[in-house]
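Each remark here refers to the structure printed beneath this line.
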Amino acid sequence: MSRIMSTVQGAASRRDVLKYGGAAAALGLALKTGFGPRIALAADEIVIGGSLPMTGVFAFAGIAGHQGLNDYVEWLNENGGIDGRKVRYVMEDTGYKVDVSVAAFKKITAAHKPQFYFGDSTGFEKAIASELNQLGSTVMSGASFASELADPQRYPFHFIAGPSYAEQVGILLEYIKAEASGGAAPKVALVYSDTEFGRDPIASAKARIKTLGLELVDEIVTKPGSVDVSAEVLKLRRSRPDYVIFHGYVLSPINEFIVQMKQMGLKTKFMGTYYTMDKLLIDQVGEPSDGFMGVMPYNYYDSDASGPNLDAMRAYSKKVAPDVTYRPVPYVASWFTGMIFAEIARRTLAAGGDMSAKAMKAALEGIDGWDTGGIMGLPVSLKGHSVPVGRIYQVKFSEKRYVPASDWIALT
């Protein structure tokens, strides 16, 4: 029961694969319905492959990401597909293991020849890059915002459906600079995990801090997860930063830092990046999370924002799962990634129909000034294989949600 293969073609039974409970229910229904690879391919269909962690430590993100991409494909097919072509989504569970993800990629690409692929991690997306380049038939995105994956020279057939980790921290720093009201430069501390994920944006952040005239007063590295941070908190008490930026964590030890520093009476403002910005933090930290800020590339599912694509996403979700009132951020991100896949396909077909990776890369890089229909608050460009746009949101604990703390910010 550790693996799932599903094909999505708009049937109601497919829609119910994860409606919308835990991984065990998803696995049970997948086995019950007997989904398996469909080898016969329609010449005019477009295929999206996917490696997602439906089980394991990151199943919470994998399940939500699968639901978002699954729902987008079904919605798209109900609305004519891509220039009349149906879209088929083929996914396999990976348990967030690189070797399993690589095996799933090989299996799906051999059987289904996907034009697009959704990866589950930085490790997988880096490991498969050479083979992706050799294939020359597939464009990839996924759950990772690793900065190097937005490098068109090293990863020509890969893009990030949002700002890279370096760009996310850059957006936070631009906000801090804009909030400064003269006088002494704002004091910033960087707190990050001792992982590749945690270290990703740090060199870029230090350079931008210097360029913006901010003051870096502390740099603290911890193990990821729940650890004793009392010594690090005392260090921050001495340096008294105006802002602490966390990166490389999902939750712990951010909660420990916030609670202990607030107990000391410090007036520090706490900030995070994408993977700290879902309601998990509000639920787990409780009232001390009030005021926590961070960068988010998308409008939240429960935000007050509107737009044709954002509204369509909400309406379709309500249609297939009427009891679900909130969708986690990975759901929105995956729906948006599907939108970019579809936009690349439309532009490639309009240019002559050569669905090679090279032609699709050209279409990707031609996306400029694109209106996302309310998913993001600014027209976006993918010239650099990422979308360096975001907004600062802040926890409003009385409403148990994030609310805007800034206008939309685009890095140039």
| task | Could you give me the CA-CA distance, side-chain angles and deciding distance for D200 and Y192, then say whether side-chain contact (heavy atoms from CB on, under 4.5 Å) is met? | result | CA-CA 10 Å; D200 179 308; Y192 56 96; over 6 Å; no
Could you check whether [Y] and [X] have their ring centres less than 6.0 Å apart?
{"X": "Y117", "Y": "F105", "answer": "yes"}
{"X": "F116", "Y": "F159", "answer": "no"}
{"X": "F197", "Y": "Y165", "answer": "yes"}

| request: State which residues pass side chain to side chain donor-acceptor pair (under 3.5 Å) with D371; sequence neighbours excluded, sorted by chain then number. | output: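 Side chain to side chain donor-acceptor pair (under 3.5 Å) list for D371, sorted by chain: empty.
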| What distance separates F118 CZ from M140 CE, expressed to the nearest 0.5 Å? |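 Interatomic distance, F118 CZ to M140 CE, rounded to 0.5 Å: 10.5 Å.
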| Separation of I254 CD1 from T222 OG1 (nearest 0.5 Å) |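 One gets 9.0 Å once the value is rounded to the nearest 0.5 Å.
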Is it true that a side-chain atom of [X] and a backbone atom of [Y] form a donor plus acceptor pair closer than 3.5 Å?
{"X": "Q115", "Y": "V47", "result": "yes"}
{"X": "T138", "Y": "P114", "result": "yes"}
{"X": "R88", "Y": "E45", "result": "no"}
{"X": "N255", "Y": "V285", "result": "no"}
{"X": "D242", "Y": "P186", "result": "no"}
{"X": "N77", "Y": "V87", "result": "yes"}
{"X": "S334", "Y": "L69", "result": "no"}
{"X": "T268", "Y": "P241", "result": "yes"}
{"X": "R154", "Y": "L149", "result": "no"}
{"X": "D278", "Y": "P328", "result": "no"}

| task | Apply side chain to side chain donor-acceptor pair (under 3.5 Å) to Y393 and S303, showing your working. | result | CA-CA 11 Å; Y393 286 84; S303 73; 5.6 Å; no
Looking at [X], I'd like to know if its [atom1] atom is crowded, meaning that more than 12 non-hydrogen atoms belonging to other residues, nucleotides or ligands lie closer than 6.0 Å.
{"X": "E219", "atom1": "CD", "answer": "yes"}
{"X": "R347", "atom1": "CZ", "answer": "yes"}
{"X": "K279", "atom1": "NZ", "answer": "yes"}
{"X": "K318", "atom1": "NZ", "answer": "no"}
{"X": "D407", "atom1": "CG", "answer": "no"}

| said: Please evaluate residues K177 and E174 with respect to the criterion salt bridge (Lys or Arg N to Asp or Glu O under 4.0 Å), reporting the C-alpha separation (whole Å), side-chain torsions for both, the decisive distance (0.1 Å), and the verdict. | reply: CA-CA 5 Å; K177 176 64 174 180; E174 293 288 342; over 6 Å; no
| query | Less than 4.5 Å apart, any side-chain heavy atom of T372 and any of L310? | reply |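 No, side chains not in contact.
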| request: Under the side chain to side chain donor-acceptor pair (under 3.5 Å) rule, what do S386 and E167 come out as? Steps first, then yes or no, please. | output: CA-CA 9 Å; S386 69; E167 290 165 342; 3.0 Å; yes
Taking the six-membered ring for Trp, are [X] and [Y] parallel (under 30°), tilted (30 to 60°) or perpendicular (over 60°)?
{"X": "Y155", "Y": "H158", "result": "perpendicular"}
{"X": "F145", "Y": "Y274", "result": "tilted"}
{"X": "Y301", "Y": "Y331", "result": "perpendicular"}

| task | Please determine if D304 and R401 form a salt bridge, counting it only when a charged side-chain N lies under 4.0 Å from a carboxylate O. | result |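 Yes, charged N to carboxylate O under 4.0 Å.
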| query | Is any side-chain N of the basic residue among K319 and E74 closer than 4.0 Å to the acidic one's carboxylate O? | reply |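 Salt bridge absent between K319 and E74.
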| request: Take W408 and V389 through the test side-chain contact (heavy atoms from CB on, under 4.5 Å) and record every step on the way to the result. | output: CA-CA 7 Å; W408 289 88; V389 170; 3.8 Å; yes
| What's the verdict on side chain to side chain donor-acceptor pair (under 3.5 Å) for D311 and S306, showing C-alpha distance, side-chain angles and the deciding distance? | CA-CA 6 Å; D311 293 344; S306 185; 2.7 Å; yes
| Who pairs with A357 by side-chain contact (heavy atoms from CB on, under 4.5 Å), at least two apart in sequence or on another chain? |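 In terms of side-chain contact (heavy atoms from CB on, under 4.5 Å), with neighbours along the sequence ignored, A357 is linked to F157.
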| task | Report the C-alpha separation of S144 and T122 in whole Å, then their side-chain angles, then the decisive distance to 0.1 Å, and conclude whether the side chain to side chain donor-acceptor pair (under 3.5 Å) test is met. | result | CA-CA 5 Å; S144 174; T122 302; 2.4 Å; yes
| said: So, applying side-chain contact (heavy atoms from CB on, under 4.5 Å) with I176, which one of M271, K269, K187, M293 is it? | reply: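 Single pass found, and it is M271.
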| task | For V295 and M277, run side-chain contact (heavy atoms from CB on, under 4.5 Å): C-alpha distance rounded to whole Å, both residues' side-chain angles, the deciding distance at 0.1 Å, then the answer. | result | CA-CA 7 Å; V295 59; M277 290 298 290; 5.8 Å; no
| Step-by-step side-chain contact (heavy atoms from CB on, under 4.5 Å) determination, W75 to E78 | CA-CA 5 Å; W75 174 86; E78 289 185 11; 5.7 Å; no
